[in-house]
Participant: 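Below is the structure I would like to discuss, written out as structure tokens.
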Amino acid sequence: MARLAQTAGLTDIQQEILSTVRDFVDKEIIPVATQLEHRDEYPQQIVDGLKELGLFGLMIPEEYGGLGESLLTYALCVEEIARGWMSVSGIINTHFIVAYMLKQHGTQEQKDHFLPRMAAGDIRGAFSMSEPALGSDVSAITSKAVKDGDEYVLNGQKMWLTNGGTSSLVAVLVRSDEGHPEGTAPHKSMTTFLIEKEPGFGEVRPGLTIPGKIDKMGYKGVDTTEMIMDGLRLPANRALGGTTGRGFYQMMDGVEVGRVNVAARGCGVAQRAFELGVSYAQQRHTFGKAIAQHQAIQFKLAEMATKVEAAHAMMVNAARKKDSGERNDLEAGMAKYLASEYCKEVVEDAFRIHGGYGFSKEYEIERLYREAPMLLIGEGTAEIQKMIIGRRLLEEYRFQG
């Protein structure tokens with residue numbers, strides 16, 4: 001029997017890439033993931049391996065030194081990596097969102113300057129929309145950029161930057177009211193700026209501070225930080241696309257890629273939880289037989305496998321829709337919502353199958369149980385996804401009375 005979550009219609013190159021990534025995950029990530037996670041240690045050796053495989057340039061066009069692969073290929077690679085350790089998939093996610101935004105919206109000078117080094121993995125990307133009092137209300141952003149001659153001066157505090165410390169390029173969304181008439185909708189007076197900085201913590205360039213890592217319940221290893229801008233000066237040519245007022249749309253385009261990524265991460269974690277559950281159920285014996293032979297456990301395994309398949313199918317559909325050039329916010333929202341919810345449920349069922357041992361840090365399922373909740377809020381909560389889905393459905397099924 002073929003394993004779960006197979007994808008039909010892949011090219012030979014896509015299959016070769018996925019086979020290489022899966023081998024890397026099995027040999028280099030799974031054996032060390034739990035140990036590194038418990039120490040909250042950045043997986044430098046794993047990241048170096050991904051760099052050697054060329055994964056940091058997976059979706060970057062060949063003219064800039066990348067592999068020029070599709071969002072589908074990227075999502076399937078993320079699924080495999082998250083199966084090994086979700087934090088590693090987070091390290092490449094924000095990098096790819098920034099690379100995608102540059103590819104789609106950057107000026108030629110910005111593409112030439114950043115993309116070749118991003119493809120090589122020499123520049124790592126992070127992006128930032130959220131703020132301490134912001135939550136899901138992006139229109140409430142208070143960080144500002146004010147023009148001063150040929151420069152912009154940025155002030156404000158940003159929150160929840162994945163790769164905040166290890167990145168050397170941050171795409172940040174701020175208000176830029178100048179040049180926009182009073183009463184302009186907030187989302188039309190925002191700009192994405194590209195900030196180059198030194199990796200690390202503390203003051204990483206004049207006017208820019210990255211405090212230490214935020215201590216999290218799960219999703220460890222990858223650094224999640226705040227970012228404080230206090231008189232940060234940037235040249236005007238570091239506004240993404242070379243103009244102001246387009247930042248919200250640029251970020252939302254990138255977030256659609258991010259939502260497919262989160263869906264892929266949910267699929268990968270759910271696959272690993274199923275693997276752990278079905279394996280343990282065949283080893284653990286009660287009442288004279290393996291617990292896999294008890295009908296109650298078989299029912300759980302059946303439900304878990306069905307959810308893994310359904311989430312994978314929706315993720316693949318969302319990626320292919322984006323690759324076709326069509327609008328995919330409906331499909332991406334559905335995939336992200338379903339995959340994250342199903343991931344939580346599959347992980348919990350695997351945890352239950354393990355019984356008391358699932359509560360022990362010696363077992364991998366304990367780590368997955370702490371990691372799955374992050375997917376429920378990353379790249380937009382379930383409630384936000386349902387709002388997006390509902391509004392798009394009403395557009396498509398408008399009542400003609």
Participant: Answer yes if the side chains of Glu364 and Thr34 hold a donor-acceptor pair under 3.5 Å, and no otherwise.
Facilitator: no

Participant: Between Glu371 and Ser87 (side chain of the first, backbone of the second, donor and acceptor by atom type, cut-off under 3.5 Å), is there such a pair?
Facilitator: no

Participant: Work out which heavy atom in Val25 is nearest to a heavy atom in Gly84; give both atom names and the distance.
Facilitator: CG1-CA, 3.6 Å

Participant: If you measure from the Lys or Arg side-chain nitrogens to the Asp or Glu carboxylate oxygens, is any gap between Arg233 and Asp148 under 4.0 Å?
Facilitator: yes

Participant: Can you tell if the side chain of Arg83 reaches within under 4.5 Å of the side chain of Asp26, non-hydrogen atoms only?
Facilitator: yes

Participant: State whether a side-chain donor-acceptor pair under 3.5 Å links Asp137 with Ser139.
Facilitator: yes

Participant: Is it true that, when you exclude Arg391 itself, more than 12 heavy atoms of the residues, nucleotides or ligands shown sit nearer than 6.0 Å to its CZ?
Facilitator: no

Participant: Could you verify whether a donor N or O on one side chain and an acceptor N or O on the other, from Glu131 and Gln157, lie under 3.5 Å apart?
Facilitator: no

Participant: Going by an N to O cut-off under 4.0 Å, is there a salt bridge joining Lys336 and Glu331?
Facilitator: no

Participant: Should we count CZ of Arg398 as having more than 12 external heavy atoms under 6.0 Å?
Facilitator: no

Participant: Any luck finding a side-chain donor-acceptor pair between His312 and Thr7 under 3.5 Å?
Facilitator: yes

Participant: I'd like to know whether Ser360 forms a side chain to side chain donor-acceptor pair (under 3.5 Å) with Glu362, so could you lay out the CA-CA distance, the side-chain angles of the two residues, the decisive distance to 0.1 Å, and finally the verdict.
Facilitator: CA-CA 5 Å; Ser360 168; Glu362 294 181 20; 4.6 Å; no

Participant: Less than 6.0 angstrom from the centroid, inside 45 degrees of the normal: does Arg124 satisfy that with respect to the ring of Phe56?
Facilitator: yes

Participant: I'd like to know if the side chain of Asn328 and the backbone of Ala318 have a donor-acceptor N/O pair within less than 3.5 Å.
Facilitator: yes

Participant: With a 4.5 Å heavy-atom cut-off, do Val174 and Tyr152 have their side chains touching?
Facilitator: no

Participant: Return yes when atom CD1 of Ile13 has more than 12 non-hydrogen atoms of other residues, nucleotides or ligands closer than 6.0 Å, and no otherwise.
Facilitator: no

Participant: For a quick test of reading the model, state the closest non-hydrogen atom pair linking Ser340 to Leu376 and the distance between them.
Facilitator: O-CD2, 3.6 Å

Participant: Do other residues, nucleotides or ligands put more than 12 heavy atoms under 6.0 Å from the CD atom of Gln45?
Facilitator: no

Participant: If every non-hydrogen atom of Pro43 is compared with every non-hydrogen atom of Val88, which pair is closest and at what distance?
Facilitator: CG-CG2, 4.3 Å

Participant: Quick one: CE on Met304 to CD on Glu348, what's the gap to the nearest 0.5 Å?
Facilitator: 11.0 Å

Participant: For the pair Asp349 and Lys300, find out whether any cationic side-chain nitrogen is under 4.0 Å from an anionic carboxylate oxygen.
Facilitator: yes

Participant: Return the OG to CD1 distance between Ser189 and Ile141, rounded to the nearest 0.5 Å.
Facilitator: 10.0 Å

Participant: Do Arg327 and Glu256 sit within salt-bridge range, that is, some charged N less than 4.0 Å from a carboxylate O?
Facilitator: no

Participant: Are Pro211 and Phe201 side-chain neighbours, meaning at least one heavy-atom pair lies under 4.5 Å?
Facilitator: no

Participant: Evaluate the criterion salt bridge (Lys or Arg N to Asp or Glu O under 4.0 Å) for residue pair Arg205 and Glu198; output intermediate values, then yes/no.
Facilitator: CA-CA 7 Å; Arg205 67 174 283 172; Glu198 291 296 320; over 6 Å; no

Participant: Could you tell me how the ring of Phe351 sits relative to the ring of Tyr369: parallel (under 30°), tilted (30 to 60°) or perpendicular (over 60°)?
Facilitator: parallel

Participant: Examine distances only and state if a side-chain atom of Asp223 and a backbone atom of Thr166 form a donor-acceptor pair shorter than 3.5 Å.
Facilitator: yes

Participant: For residues Asn237 and Gln110, is any side-chain donor paired with an opposing acceptor at under 3.5 Å?
Facilitator: no

Participant: What is the ring orientation for Tyr280 with His354, classed by angle as parallel under 30°, tilted 30 to 60°, or perpendicular over 60°?
Facilitator: parallel

Participant: Would one find more than 12 heavy atoms of other residues, nucleotides or ligands at under 6.0 Å from atom CD of Gln108?
Facilitator: yes

Participant: Of Arg272, Arg22, Arg265, which is the lone residue that meets salt bridge (charged side-chain N to carboxylate O under 4.0 Å, His left out) with Glu80?
Facilitator: Arg22

Participant: Between CD of Glu326 and CZ of Arg320, what distance do you get to the nearest 0.5 Å?
Facilitator: 13.5 Å

Participant: How long is the gap from NZ on Lys321 to CG on Asp329, to the nearest 0.5 Å?
Facilitator: 8.5 Å

Participant: Does Leu72 reach the side chain of Leu10, with side-chain heavy atoms less than 4.5 Å apart?
Facilitator: yes

Participant: When you compare the side chain of Ser143 with that of Arg175, does any pair of heavy atoms fall below 4.5 Å?
Facilitator: no

Participant: Is there a donor-acceptor contact under 3.5 Å linking the side chains of Ser279 and Gln283?
Facilitator: yes

Participant: Contact between Ser70 and Met59 at the side-chain level, heavy atoms closer than 4.5 Å - yes or no?
Facilitator: no

Participant: Counting heavy atoms not belonging to Lys216, are there more than 12 under 6.0 Å from its NZ?
Facilitator: yes

Participant: Would you compute the distance between atom CG of Asn317 and atom NZ of Lys322 and round it to the nearest 0.5 angstrom?
Facilitator: 14.0 Å

Participant: Output yes when a side-chain donor or acceptor of Lys213 lies under 3.5 Å from a complementary backbone atom of Asp40, and no otherwise.
Facilitator: yes

Participant: One pair to check against side chain to side chain contact (heavy atoms under 4.5 Å, CB included): Gln385 and Arg259. What are the steps and the verdict?
Facilitator: CA-CA 10 Å; Gln385 306 311 317; Arg259 284 178 179 148; 3.3 Å; yes

Participant: Side chains of Asp230 and Thr209: does their closest heavy-atom pair fall under 4.5 Å?
Facilitator: no

Participant: Output, in order, the C-alpha distance, side-chain angles, deciding distance and verdict of side chain to side chain contact (heavy atoms under 4.5 Å, CB included) for Val255 and Ile97.
Facilitator: CA-CA 7 Å; Val255 165; Ile97 290 177; 5.9 Å; no

Participant: Is a side-chain donor or acceptor of Ser19 paired with a backbone partner of Gln15 at a separation under 3.5 angstrom?
Facilitator: no

Participant: Spell out, as yes or no, whether a donor-acceptor pair under 3.5 Å connects the side chain of Thr191 to the backbone of Gly245.
Facilitator: yes

Participant: Please check this pair: side chain of Lys307 against backbone of Cys343, looking for a donor-acceptor N/O pair closer than 3.5 Å.
Facilitator: no

Participant: Take a 6.0 Å sphere around CD of Glu16 and say whether it holds more than 12 heavy atoms from other residues, nucleotides or ligands.
Facilitator: no

Participant: Taking atom types as modelled and ignoring hydrogens, do the side chains of His95 and Asn163 form a donor-acceptor contact shorter than 3.5 angstrom?
Facilitator: no

Participant: Please answer whether the main-chain N or O of Ala5 pairs with a side-chain N or O of Gln271 as donor and acceptor at a distance below 3.5 Å.
Facilitator: no

Participant: Any heavy-atom pair between the side chains of Lys111 and Lys103 that's under 4.5 Å?
Facilitator: no

Participant: So does Gly231 get a backbone contact from the side chain of Asn155, meaning a donor-acceptor N/O pair under 3.5 Å?
Facilitator: yes

Participant: Take Glu196 and His113 through the test side chain to side chain donor-acceptor pair (under 3.5 Å) and record every step on the way to the result.
Facilitator: CA-CA 11 Å; Glu196 295 177 85; His113 182 74; 3.3 Å; yes

Participant: Return the CE to CE distance between Met227 and Met159, rounded to the nearest 0.5 Å.
Facilitator: 12.5 Å

Participant: Taking atom NZ as the centre, does Lys27 end up with more than 12 heavy-atom neighbours from other residues, nucleotides or ligands that are less than 6.0 angstrom away?
Facilitator: no

Participant: My understanding is that only one of Leu173, Val172, Thr162, Thr94 makes a side chain to side chain contact (heavy atoms under 4.5 Å, CB included) with Ser128; could you say which?
Facilitator: Val172

Participant: For Ser167 and Val170, indicate whether the former's side chain and the latter's backbone hold a donor-acceptor pair under 3.5 Å.
Facilitator: no

